[in-house]
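Have a look at the structure below, then the notes.
Numbering of ligands and ligand atoms starts at 1, following listing order. This structure is a prediction, so every number in the text was calculated from the model and none was measured.
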Amino acid sequence: MKKLLIMSGKKCGALARETAEVMGTPFYQIHSRDFPDGEIYVRIPADVAGVDVALFSCMGGNPNRGLLEALLAAYALKENGARNVILAAPYLPYARQDASFKPGEPVSIRLVAKLLEDAVSGIVTVDMHLHRFHDIKDVFGGIAAVNVSAMPLLARYVSSRYGRMPVVAPDDEAEQWARRAAETIGSEYYVLEKERRGDEDVEIRGRGVNANRALIVDDIISTGGTIEGAARLLRERGVEEVYVACTHALLVGDAEAKIFNSGVRDLISTNTVPNPYARVSVAEAVARGLSEIRREK
Ligand code: R5P
């Protein structure tokens with residue numbers, strides 16, 4: 001197999017470095033900064049002629065900057081002779097706009113996929129928000145694409161710390177995560193119902209769970225409204241200890257306050273988005289995804 005280098009954009013250094021250690025491959029930090037007018041400057045720090053490069057980009061928090069930085073870096077890598085550029089985008093933004101919900105809306109993830117397919121020859125994501133598209137290969141038809149899951153890692157972490165407990169999906173989109181987490185720790189799972197009325201206005205309904213402890217899982221926590229609603233419902237239905245695990249903790253605005261004020265005992269996330277609750281690393285899972293893509297090539 002050809003030599004692999006791992007390079008990282010501005011925010012993904014720690015995860016990329018850890019993945020490089022797992023894979024026993026060199027790591028380089030890409031030079032990147034913002035010009036005074038907001039444009040992005042990027043420079044590749046090593047000779048990449050003829051080698052494969054895994055380009056890491058943690059796009060949570062500032063998805064538009066992350067995307068453009070990744071596109072510029074991928075373009076520079078190709079211009080400088082890289083043989084294959086594989087994007088490791090642990091959190092891939094725009095995946096929730098996977099349909100035109102109202103007339104006039106774009107299916108944003110389609111455009112994002114098109115841009116990335118032009119720029120790289122493979123992509124690895126972690127718990128991509130696959131809802132209306134069931135498989136990452138339905139989104140990225142033109143390049144090698146692998147989606148790995150952090151749910152088994154999160155479920156194992158929580159159960160080893162707090163014991164085995166039922167898993168709860170706050171909405172039907174999260175059923176896949178709850179099923180996977182529950183299978184991992186051998187417990188049952190429940191699915192609540194969510195009505196979203198606006199970006200920060202959700203209502204969670206359902207019968208709750210007949211247990212003293214429960215683990216709510218989701219792929220993304222953005223404003224925290226979904227978890228707040230689910231946690232309040234479980235607490236009202238008599239669940240004494242509510243734990244939360246998510247892959248991508250975006251934690252926008254007062255999300256943390258909402259979550260903990262609703263009675264959540266602990267919040268555990270992965271490091272796909274740098275955040276204070278990142279206690280589970282996806283480095284080994286991403287390394288496996290990269291190896292799978294390289295075997296396909
Ligand atoms: C959407 O279905 C996602 O899986 C999450 O449930 C959603 O993004 C959470 O958003 P928020 O934290 O703003 O409620």
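Evaluation of the disulfide (SG to SG under 2.5 Å) rule for C12 yields C58 as partners, not counting sequence neighbours.
A salt bridge is absent between E240 and R213; no separation between the charged side-chain nitrogens and carboxylate oxygens falls under 4.0 Å. Residues K258 and E200 are paired through a salt bridge, judged by an N-O separation under 4.0 Å between the basic side chain and the carboxylate. R196 has no carboxylate O lying under 4.0 Å from a charged side-chain N of D201, or vice versa, which leaves the two without a salt bridge.
When the shell of 6.0 Å around OH of Y75 is examined, it contains 12 or fewer heavy atoms from other residues, nucleotides or ligands.
Enumerated by chain and number, the residues approaching ligand 1 to less than 4.0 Å through a heavy atom are R96, H129, D171, E173, K194, R196, D218, D219, I220, I221, S222, T223, G224, G225, T226.
In this structure the side chain of Y41 never reaches within 4.5 angstrom of the side chain of D34, judged on heavy atoms.
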